[in-house]
Each structure stands twice: as C-alpha cells, then as structure tokens.
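One structure is given below, encoded as structure tokens.
Note that the structure is a prediction, hence the values are computed from the model and not measured. Keep in mind that the numbers below use all heavy atoms, side chains included, and drop hydrogens, waters and symmetry copies.
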Amino acid sequence: MKPLSFTSTQKSPPCILFCLPNETSNFQLLSPALATVVSFYQVYHFHFMDDIDIEIPKYFICPISLQIMKDPVTAITGITYDRESIEQWLLKGRSTNCPVTQQPLPTFSDLTPNHTLRRLIQAWCSENASLGVDRIPTPKPSIDRFHFLKLIKELQHPDSKMKALKELDLLATKNDRNRKYMVEAGVPKAMLSFIVNCYKEDCTVNGLEEALSVLSLIRIPSSEAKSLPKENDLIIKSLIWVLGCEFRTQAMVKSHAFSALKTIIETASPVLLQRLEPKFFEAVVGVLKQGTKRVSQQGINSALHVLLDACPWGRNRLMMVETGAVSALIELELGSPERKTTELILGILFHLCSCADGRAEFLNHKAGMAVVTKRIMRVSPAADDRGVLILSLISKFSASSWVVHEMLDVGAVTKLCMLLQMDSATYLKDKALGILRSHSDDWLKLPCIDKTLLTRYIK
C-alpha cells in the first residue's frame, strides 16, 4: 500500500484527490466528509504547492480529522482514531455509528489507547524532525472514573478536601469526557453531601463555592435526583441556606445554587412539594426582588422554574403571594427580559391570579395590567396564552368598575380585538371573546371606545 504524501509546512490540505486502483488518470475532488468514509479503503495523495513532500504512512492518519494522530485510540469496532476527534464525534451527537465501518458505536463506548501506534508515530516524527516535522509529545494518561472515585474519598479528609475540590472544578471545566466520568463516579451526589455538611456546620469558607461550581458544570442527572427522596428535604434546606449567605462571587454562586435547586424540585415528590416552608419562598422571592444585581439571568430563570413547579398547590401559591412574589414578578417583567423569562413570569402570574389574594396584589401594582397587556402578541404564543388567561381571571373574578376602565385605558380591549383577527388558537380566541362580551355594555358607554371595532365581535 502506498503511503500518504504531506508537506511539512502545512497542517491540512485544501482539497483531497483520490483515484481508484485501476483508474489512475480519473481524479475526482472529494469533500473531507466523503473522504472520511472511503479513506479506509483507498490510497490518497495530499498535494501542496511547496518544495518538500513528506510521505506519511496511511495508518498514522485519523480517518476523521485527516491529521497525524497525537493520541490514537481504538474503538470497539476495531478502527483507530485520534482521541479528540472521535470523542467530539460521539459527544456532539453527529452520529451513533463508527465513521468508517458504520457499525453502532455507543456515545460512551470505551476507547482503548493504542500505545504501539503512538510510539511508531513518535519515532517517525523524530526521524523526520530535520524536515520540519514536530515531535508529538506523549499524551497524559487518560482520566477515568477511578480517578474521580479517589478524589471523592479525599473529600472526607480535612487536609485534602480543598485540593480535591479544586481539582474536580478544574477537570469539570476541561471536557465532556471528564464530566461523563464524574457523573459515573457519583460526583453529583458527593457535591450535594458536601453542601449539606456545610449547612449543618454553618460554614461557607471551605470549598462551598467550588462544590457549587462543580455541580453546575456536571449537572445533577434526573435519575440520581430521583434516587435521593430521603435526602431531598435536607438538600433543599441547604440550598436555601446558600441563597442567604454572602460570597465573593455572589451572583455566580447563587446562580449555581438555583440551578441545583431547580433539578431537585423538578424531580421532587408531590408530598415534598406540599411541605415546602415559608422560608423557602422568602429566599427565592428575595433574590428575585434584587434582580440581576445579585444573580445571573440563567439563575433568575432557574428560580422562576422553581416557583412554577411549586405553583400547582394552593398552599404554595398563598405563601408566594404573602412573600411579595406578584410585585417582584411584575417589576422583573418591567425590565423587558428575554423571551423565556417572560414566559415563565406570565406562567407564574397566571397561577397566582387564580387565588383572590394573588389577584388583589396584581391589581394593586400600577403596572400589572399594563405590562401583561403589552406582552400579548409581542413575545410568543406561550406568552399570549398566559397573558389572555390572566386577563380572563381578572375579568371574571375581580371586575370592579375601576378594573373595567383600567383594561380599556391600558389597551387590553384593543389587544383582545386584534387577537381575534390573528391566526391564534381557537380556545384563546374563545377566551378573548368571552372577556369582550362580559364587559361590552360598560365599555360601549365610554366615549373613548371604538364602538365599531367592539361590536364587530360581540354580536
């Protein structure tokens, strides 16, 4: 088999030329993606406009990157790739098959280091060093889950726990492979246990920030969160305690705490969610009142998810209202946040307006009706849904003379009429029509109403 031909001064070819064995004069131009598949069977020559061509043995080349392999590993299909290339191929979800053989290749399949091939490549590079070929260094030993199991054990010793936490934080930031092994080794549960111990000891200085950082990077798998029903109550109390503490990196730490809290609440049992205490809502709403000054946008969205997941229970809604959640949500929406944030805010306000106290707090805020009306038909279908349902609840259960006038003043009547002209969901149009019909007599008496527009729909 002929070797490949590369130049020593170029890292990647501008194009690939190949020929079939019996048709050496019939060259075709291939894309690198197609070349990846057929390179296992064909002989290639990479041509460069340079004075020096260096012949490279074909088996030194990664079928994915078409570069000399630095850390060759063999997949379960028997094909050798450069570690970085095959891991990216699998982790980015490009395909679940081996790029060369097209055989199934699990995302987290084992990759065996090919030490013999690596030594051959290094020897070849050394022999051609005078021609400008850089020697490929020996890769550091690959970290596996046993290394992380060792670090988890070190967390139990006061002298080594800070070093272990910092190493975990560093490794979690590096790549998806490390994060995968951390989950397999049980690092999420270890970090939660560490946070709970900090809560019990009321200690915020020794590793709490690092533990929360690691937890945010690797996430808590849903399966693992569901397996902690007995510990969930204590974990929630610990994370709420974190929200009330002061840190150097305040916004980052609290965002990480909200991210963990969101995962725990999402998988918590209904029994646990019904037993949430007022302190829980005081802490979450308290941070929301401070806005992005004390927590990142991602942290705010996580906090809103937490409240939304707790809304189905009337007891929780009453506690939210008592802690000032309605006013905090309206103030947050007045800042014109991103689409997802608006959808979450309107979703929570809809639940809170289903109770009398929530509607009273909503109407007590001067901007409540106006901001909800403004968001209809400006954000997304989901926001339209929640906005119209909020107006429907107000119109049905809290329609005083002042409220009816307020709906007209802020443009709610006009928005509802416009919604009927749009390609909206049938149930949403029915809700809008119901609101218009229920108060049309009052609105038609006012001189500022467009009677033609309103009467068109209420007949």
Side-chain angles (χ1 to χ4, degrees), residues 304 307-309 311-314 316-317 320-321 325-326 329-330 332-334 337 339-446 448-459:
L304 293 172
L307 292 180
L308 189 59
D309 287 336
C311 275
W313 291 271
N316 292 345
R317 293 196 294 271
M320 289 186 211
V321 172
V326 174
L329 292 169
I330 295 172
L332 193 59
E333 185 57 36
L334 286 172
R339 178 183 61 83
K340 184 60 179 176
T341 307
T342 293
E343 291 173 351
L344 289 168
I345 288 173
L346 294 181
I348 299 168
L349 284 175
F350 162 68
H351 282 287
L352 298 185
C353 285
S354 65
C355 65
D357 290 346
R359 291 191 297 274
E361 288 298 314
F362 179 82
L363 294 172
N364 282 338
H365 197 293
K366 294 181 179 180
M369 189 84 73
V371 74
V372 169
T373 300
K374 187 176 181 180
R375 295 297 180 261
I376 296 174
M377 298 175 60
R378 284 195 175 190
V379 180
S380 68
D384 294 344
D385 176 272
R386 294 297 176 243
V388 171
L389 291 178
I390 290 170
L391 294 181
S392 178
L393 288 170
I394 297 298
S395 169
K396 185 175 182 179
F397 299 108
S398 304
S400 64
S401 176
W402 173 85
V403 169
V404 172
H405 281 73
E406 179 74 1
M407 291 181 73
L408 184 63
D409 291 341
V410 301
V413 177
T414 303
K415 269 288 179 73
L416 293 172
C417 290
M418 291 173 63
L419 187 69
L420 293 174
Q421 302 174 46
M422 303 295 291
D423 185 21
S424 304
T426 302
Y427 81 92
L428 208 57
K429 288 186 176 183
D430 290 342
K431 283 288 184 183
L433 194 57
I435 298 171
L436 293 173
R437 285 175 173 169
S438 61
H439 303 294
S440 60
D441 292 341
D442 295 320
W443 287 323
L444 288 172
K445 294 176 183 178
L446 302 175
C448 56
I449 186 70
D450 185 344
K451 295 180 174 59
T452 303
L453 179 64
L454 184 57
T455 55
R456 183 187 305 172
Y457 299 105
I458 61 176
K459 291 182 180 179

- Quick one: side chain to side chain donor-acceptor pair (under 3.5 Å) partners of Arg339, sequence neighbours excluded?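 Residues passing side chain to side chain donor-acceptor pair (under 3.5 Å) with Arg339: Glu343.
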- Partners meeting side chain to side chain donor-acceptor pair (under 3.5 Å) with Ser424 (sequence neighbours left out):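 Not a single residue meets the side chain to side chain donor-acceptor pair (under 3.5 Å) criterion with Ser424.
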Which heavy-atom pair separates [X] from [Y] by the least distance, and what is that distance?
| X | Y | result |
| --- | --- | --- |
| Leu416 | Ala432 | CD2-CB, 3.8 Å |
| Val321 | Cys355 | CG2-SG, 4.2 Å |
| Ile394 | Cys353 | CD1-SG, 4.4 Å |
| Gly387 | Leu346 | N-CD1, 4.5 Å |
| Ile345 | Pro337 | CD1-CG, 4.4 Å |
| Phe350 | Ile390 | CA-CG1, 3.7 Å |

Show me the donor-acceptor pairs within less than 3.5 Å that the side chains of residues 360-367 make with the rest of the protein, sequence neighbours left out.
from   : atom 1 : to     : atom 2 : distance (Å)
Asn364 : ND2    : Ala360 : O      : 3.1
His365 : ND1    : Ala367 : N      : 3.1
His365 : NE2    : Glu331 : OE2    : 2.7

- Query: What residue pairs, at least two apart or across chains, pass salt bridge (Lys or Arg N to Asp or Glu O under 4.0 Å) with a residue in residues 411-433?
  - Reply: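 Those involving residues 411-433 do not exist here.
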Nearest 0.5 Å, what's the [atom1]-[atom2] distance between [X] and [Y]?
| X | Y | atom1 | atom2 | result |
| --- | --- | --- | --- | --- |
| Met418 | Gln421 | CE | CD | 7.0 Å |
| Asn316 | Leu352 | CG | CG | 10.5 Å |
| Leu349 | Leu344 | CG | CG | 11.0 Å |

- Query: Residues two or more places apart in sequence or in another chain: which of them pass side chain to side chain contact (heavy atoms under 4.5 Å, CB included) with Ser400?
  - Reply: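 Side chain to side chain contact (heavy atoms under 4.5 Å, CB included) check on Ser400 returns Trp402, Val403.
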- Using atom types as modelled and distance alone, determine if a side-chain donor or acceptor of Ser438 lies under 3.5 Å from a backbone N or O of Gly434.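 Judged by distance alone, yes, a pair lies under 3.5 Å.
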- Task: For His439 and Ser395, indicate whether the former's side chain and the latter's backbone hold a donor-acceptor pair under 3.5 Å.
- Result: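 Checking the backbone N and O of Ser395 against the side chain of His439, a donor-acceptor pair under 3.5 Å is found.
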- Task: Report the residue from Leu308, Leu389, Leu393 that forms a side chain to side chain contact (heavy atoms under 4.5 Å, CB included) with His351.
- Result: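 That would be Leu308; it is the only one of Leu308, Leu389, Leu393 passing the side chain to side chain contact (heavy atoms under 4.5 Å, CB included) with His351.
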Report, one line per pair, each donor and acceptor closer than 3.5 Å where one atom sits in a side chain of residues 369-377; sequence neighbours left out.
from   : atom 1 : to     : atom 2 : distance (Å)
Thr373 : OG1    : Met369 : O      : 2.8
Arg375 : NE     : Glu333 : OE2    : 2.3
Arg375 : NH2    : Glu333 : O      : 2.9
Arg375 : NH2    : Glu333 : OE2    : 3.3

